[in-house]
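Here the structure comes first, spelled out in structure tokens, and everything after it is commentary.
By convention in this document, chain letters (A, B, ...) are assigned in the order of the sequence lines, proteins followed by strands, and residues within each chain are numbered from 1.
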Amino acid sequence: EQGKLWSIRYHLLPQGAAPGSEPSPDQTITVATTRPETIQGDTGVAVHPDDDRYLELVGRMVRIPFVERDVPIVADDFVERDFGTGAVKVTPAHDHTDFETGERHSLPRIDIMTDAASMNANAGPYAGLSREECRLRILEDLAAAGDLVEVKEHEMAIGRCQRSDDIVEPRLKTQWFIQVKPMAERAMQAVRERRTRFVPERFEKVFFDWLENIYDWNVSRQLWWGHRIPAWYCPKGHVTVTDVETGPGRCVECRSFELTQDDDTFDTWFSSGLWPFSTLGWPDDSHDLRTYYPTQVMETGHDIIFFWVARMMMLGEWLTDEEPFRVVYLSGLIRDPYGKKMSKTKGNVIDPLLVMDEIGADALRFALINGAAPGADQRLGPSRLEGARNFANKLWNAARFVLGAKPSELPADVALTLPPGDLLGPAEHWILSRCHAALRDADAAYAGFQFAEATRILHTAIWSEYCDWYLEMAKVRLGPEVAAGVRAATWQVLAWVLDRYLRMLHPVMPHITEEIWGRLPHRPDDGDMLITAAWPVDDGLASAADERQAAAVADIIELVSQMRNARADAGIEPGTWLEAELSFDQADRVAAFEALADVVARLARVRPRVADSPGGGTDATALVVVSAGAEARLTVTAEDRDRDRGRLEKELAETEKMLVATQAQLANHSFTSKAPASIVDGVRAREAELRAVAARIRAHLDA
RNA sequence: GGGCGGUUAGCUCAGUCGGUCAGAGCGCCUCGCUUACACCGAGGAAGUCACAGGUUCGAGUCCUGUACCGCCCACCA
């Protein structure tokens with residue numbers, strides 16, 4: 001805040017003069033202050049011990065005006081020589097720093113205010129004035145005396161009450177404190193010994209920084225709501241502290257029965273710090289306490305590492321001799337769309353109940369988790385919430401399709417099983433392979449507290465792989481013309497894979513996954529509910545999936561995408577069926593294609609057949625699509641083909657650009673000699689692939 | 001003043017061990033009501049990864065510095 005800095009002249013007593021002597025009219029020391037109303041509480045003036053300007057004044061006495069008190073000039077290295085005048089008045093009863101300075105120099109502490117922040121009798125002529133009036137009057141009086149030397153604008157930090165916005169006045173009060181240094185030491189020890197670790201780890205620095213510089217914790221609060229401080233006072237002022245809930249009964253010192261309990265309550269963070277064990281029955285040796293303490297993961301926002309996490313750790317170590325938790329996972333703060341931290345005080349919070357009414361609890365959860373990189377704040381606005389709602393909707397509709405597509409030959413209570421290998425087609429191998437990869441990656445992400453990553457993996461797996469491709473491929477194998485056994489097997493794969501996704505997604509979207517799962521076939525060892533069903537780790541998917549067939553399908557998917565791309569670029573009517581001649585480099589690609597010919601037809605809107613000779617002839621009326629191991633020629637009109645030339649030219653340019661880059665890399669001897677062989681081999685393979693693709697495209701352009 | 005973090009596509013943000021990392025969602029553009037889903041589908045455009053140096057065969061990624069932005073702490077009166 002913008003305030004003022006006043007420079008005020010104090011008059012020195014003559015060297016060696018008795019206290020109370022007339023001060024010198026011209027020998028003075030000038031101090032700077034932002035709070036002149038506290039002058040009446042001054043009990044010293046401090047200068048830096050190495051400050052030549054004041055060296056000879058140390059030990060002399062100065063007269064505090066109006067109260068006419070004589071106080072010493074002391075040397076203390078807390079003083080900043082460059083600030084103000086280099087001399088500072090010391091008011092131990094009304095300033096934190098001055099209190100400590102006063103302690104170091106045995107200066108008296110004179111409280112000059114009342115609880116209502118007006119001046120008390122110690123303020124001499126100003127007694128009875130409010131602190132604001134007092135400031136004005138003192139400044140007037142100083143000016144009149146000629147001792148107000150300078151006034152400067154000054155920017156400074158001023159503590160204000162969060163509720164009333166009043167300036168906080170430091171006071172001397174009798175309060176309860178906890179000596180936390182030894183507790184802090186044990187909390188830090190738990191982290192040093194890795195009994196507790198922070199995720200992300202960088203917050204450990206914040207934690208240590210605070211605990212290493214901790215000072216006694218004032219736990220007295222003048223509030224009604226809270227744990228009452230268990231201290232009782234007798235009329236003589238003796239204190240009796242007890243853990244007996246009804247009180248001590250008698251004063252420990254004078255045996256008086258007349259006891260009153262301290263009116264104060266504990267700091268709310270003191271009570272909150274007891275949470276990890278007090279909720280489990282402590283101090284009793286309860287079953288819950290033995291079972292669940294220490295707990296595994298403490299999750300909270302990084303803004304309360306000091307307030308809460310550190311307190312739980314200090315109190316936990318001190319009272320139970322154990323760390324309260326093994327891992328502290330710190331999430332970021334939620335900000336509003338304008339980037340401001342959401343807080344109850346600011347009133348810019350999203351009401352989760354309203355959001356849930358609108359988009360569902362699961363969508364809200366997904367949005368929050370999907371946006372939560374560890375420790376990083378996130379802005380939460382409508383678009384992320386809508387995306388999450390759409391995902392829930394997508395999952396729901398996919399499940400609806402699967403449930404509705406169940407072949408009639410399967411009994412109602414059919415168990416969830418993976419069909420035998422001979423009933424699996426290439427597409428089934430592909431989705432089983434993709435599903436396995438997603439489960440493996442999502443599981444690793446969860447285990448590493450990468451929750452946003454886990455949701456991203458599952459989102460892609462379910463939407464882009466399962467829905468966009470596998471569902472479409474499975475539709476063909478669910479058709480009426482397909483053999484019943486194959487149809488049933490296809491459906492079992494659909495259900496099996498969906499089941500796996502649901503299990504993985506359940507922690508994030510518990511309601512929708514539970515609901516869908518309840519309608520799917522189960523394994524014999526599954527319970528009634530998903531929430532208690534087994535976590536799907538390494539359950540045979542890897543061995544079930546034939547990776548060669550899966551790779552072949554991946555190539556076919558790539559080819560379909562390129563055919564769609566070519567059609568769109570050439571401006572072919574979407575409804576038009578085109579003849580397509582395909583050729584493949586590898587025999588297993590041909591086999592996979594033959595199994596999926598109907599799928600290719602459906603998805604690319606072509607009538608595909610395999611070319612008699614690989615690499616076939618060129619055609620003036622063919623759209624050509626080239627991928628690493630395959631090629632497709634779509635029969636179109638000559639005009640369409642001409643329109644398409646640009647696409648091929650662009651593709652060639654891109655391919656050649658990458659080719660040049662890889663070739664340059666391979667020509668670099670330091671690269672080939674210093675980089676790991678696996679990297680170099682990878683680049684070589686890529687170079688060969690690019691060369692092949694470029695050659696193919698060029699051949700067709702030349703035709 | 002101290003500490004920490006951020007700066008990557010129009011927007012909001014991922015990118016963990018330096019090498020298929022130039023990515024996602026939203027938005028935008030072009031198509032499409034194909035019987036799970038228009039809260040959808042197909043295709044597309046779009047980034048000098050804040051700036052300047054350095055290390056390295058190779059740098060959003062590691063180091064140093066700079067500029068902005070944010071957060072926490074704090075007793076220069």
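- The side chain of A:Asp95 has B:A77 as its nearest neighbour among B:C4, B:C73, B:A77.
- Across every strand in view, B:G25 sits in a pair with B:C11 that passes the Watson-Crick or G-U test at under 3.5 angstrom.
- Atom CD of A:Glu465 is separated from atom P of B:A24 by 13 Å (rounded to the nearest Å).
- Distances shorter than 4.0 Å separate some side-chain N or O of A:Trp463 from OP1 or OP2 on B:G41.
- The base of B:C75 is paired with the side chain of A:Thr97 by a donor and an acceptor separated by under 3.5 Å.
- The side chain of A:Ala675 has B:C57 as its nearest neighbour among B:G5, B:C57, B:A77.
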Derivation and outcome, ring-ring contact (aromatic ring centres under 6.0 Å, His included), residues A:His48 and A:Phe83: CA-CA 11 Å; A:His48 194 277; A:Phe83 186 87; over 10 Å; no
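- Comparing B:A42 with B:G25, their P atoms are spaced 11 Å from each other, to the whole Å.
- Comparing B:C39, B:U12, B:G32 against the side chain of A:Asn390 picks out B:C39 as the nearest.
- Put simply, the side chain of A:Arg567 gets close to the backbone of A:Arg605: a donor and an acceptor are under 3.5 Å apart.
- Classified by its glycosidic torsion, B:G15 falls in the anti category, the angle being over 90° from 0.
- Within the 4.0 angstrom heavy-atom criterion, no nucleotide atom of any strand lies near A:Gly332.
- Between B:A77, B:C57, B:C37, one nucleotide has an atom nearer to the side chain of A:Phe671 than all others, and that is B:C57.
- The side chain of A:Cys467 has B:A36 as its nearest neighbour among B:G43, B:A36, B:G41.
- Residue A:Arg389 places a side-chain atom within donor-acceptor reach of the base of B:C39, judged by atom type and a 3.5 Å distance cut-off alone.
- There is a side-chain donor-acceptor pair under 3.5 Å between A:Thr91 and A:Asp42.
- Distance from the side chain of A:Val79 is smallest for B:A77 among the nucleotides B:A77, B:G43, B:A36.
- For A:Glu453 and B:A14, the CD to C1' distance is 8 Å, given to the nearest whole Å.
- As a whole-Å value, the separation of A:Trp210 CH2 from B:A74 P is 10 Å.
- Rounded to a whole angstrom, the distance from the C1' atom of B:U7 to that of B:C13 is 12 Å.
- For the P atoms, the distance linking B:C29 with B:U20 amounts to 34 Å, nearest Å.
- Put simply, CD on A:Glu654 is 11 Å from P on B:G44, counting in whole angstrom units.
- Rounded to whole Å, atom C1' of B:G19 lies 17 Å from atom CD of A:Glu687.
- Between A:Ser383 and A:Thr85, the one whose closest nucleotide on RNA chain B sits nearer the 5' end is A:Ser383.
- Taking the side chain of A:Glu472 as heavy atoms from C-beta on, and the options B:C73, B:C37, B:C57, the nearest nucleotide is B:C37.
- In this structure, A:Phe391 reaches neither bases nor backbone, as no heavy-atom distance under 4.0 Å exists between it and the strands shown.
- Atoms CD1 (A:Ile462) and P (B:C39) sit 20 Å apart, rounded to a whole Å.
- As a whole-Å value, the separation of A:Asn218 CG from B:C75 P is 14 Å.
- Here the P atom of nucleotide B:C26 and the CZ atom of A:Phe366 are 11 Å apart, to the nearest Å.
- Glycosidic conformation, B:C68: anti, with the torsion outside 90° of 0.
- Among the protein residues, A:Leu603 comes within range of no part of the nucleic acid, since none of its heavy atoms lies under 4.0 Å from any strand.
- Remark: the A:Lys394 side chain and the B:C37 base include a donor-acceptor N/O pair separated by less than 3.5 Å.
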A:Tyr329 and A:Phe449: CA distance, side-chain angles, deciding distance, ring-ring contact (aromatic ring centres under 6.0 Å, His included) verdict: CA-CA 8 Å; A:Tyr329 174 81; A:Phe449 298 96; 5.8 Å; yes
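- Closest approach to the A:Asp468 side chain among B:G41, B:A74, B:A36 is made by B:G41 (side chain taken as heavy atoms from C-beta onward).
- For A:Pro676, whose side chain is taken as the heavy atoms from C-beta onward, the closest listed nucleotide among B:A77, B:C13, B:G19 is B:G19.
- Note on A:Lys674: every side-chain N or O is 4.0 Å or more away from OP1 and OP2 of B:G19.
- The partner of B:U66, taking Watson-Crick or G-U wobble pairs whose two distances both stay under 3.5 Å, is B:A50.
- If you find the closest nucleotide of RNA chain B to A:Lys205 and to A:Tyr215, the one lying nearer the 5' end belongs to A:Lys205.
- Using Watson-Crick or G-U wobble geometry with both donor-acceptor distances under 3.5 Å, B:A36 finds no partner in any strand shown.
- Using a 4.0 Å heavy-atom distance criterion, A:Ala398 is classed as a base contact.
- Dashed line: the shortest gap from a side-chain N or O of A:Lys475 to OP1 or OP2 of B:A36 is under 4.0 Å.
- With hydrogens and angles ignored, the 3.5 Å screen pairs no side-chain donor or acceptor of A:Tyr501 with any backbone N or O of A:His459.
- With salt bridges taken as basic N to acidic carboxylate O contacts below 4.0 Å, none links A:Glu689 and A:Arg686.
- A:Arg487 places no side-chain N or O within donor-acceptor distance of the main-chain N or O of A:Pro407, the cut-off being under 3.5 Å.
- For the C1' atoms, the distance from B:G3 to B:G43 is 50 Å, rounded to whole Å.
- Between B:A45 and B:C4, the distance separating the two P atoms is 43 Å to the nearest Å.
- Of the side-chain N and O atoms in A:Arg456, none sit less than 4.0 angstrom from OP1 or OP2 of B:A14.
- Base-pair partner of B:U56: not found among the strands shown (Watson-Crick or G-U wobble, both distances under 3.5 Å).
- Summarising the base pairing, B:U61 is matched to no nucleotide, lacking a Watson-Crick or G-U wobble pair whose two defining distances lie under 3.5 Å.
- Distance from the side chain of A:Arg686 is smallest for B:U20 among the nucleotides B:G5, B:U20, B:C26.
- Side-chain N/O atoms of A:Arg567 include none lying less than 4.0 angstrom from OP1 or OP2 on B:G43.
- Close to B:A77, at under 4.0 Å from its OP1 or OP2, lies a side-chain N or O of A:His154.
- Side-chain contact check for A:Lys89 and A:Thr38: at least one donor-acceptor pair (N or O, by modelled atom type) lies under 3.5 Å.
- Remark: B:C71 base-pairs with B:G3. Criterion, Watson-Crick or G-U wobble with two distances under 3.5 Å.
- Salt-bridge annotation for A:Glu201 and A:Arg197: absent, with no side-chain N of the basic residue lying under 4.0 Å from a carboxylate O of the acidic one.
- Nucleotides B:U16 and B:C62 place their C1' atoms 14 Å apart, quoted to the nearest Å.
- Here the separation of B:C51 from B:U61, taken at their P atoms, is 11 Å to the nearest Å.
- Using a 4.0 Å cut-off, some side-chain N or O of A:Asn565 falls inside it from OP1 or OP2 of B:G44.
- A donor-acceptor pair under 3.5 Å links the side-chain atoms of A:Arg311 to the main chain of A:Phe307, judged by distance alone.
- Nucleotide B:G41 forms a Watson-Crick or G-U wobble pair with B:C31, both donor-acceptor distances falling under 3.5 Å.
- Using C1' as the reference atom, B:G27 and B:U48 are 24 Å apart when rounded to the nearest Å.
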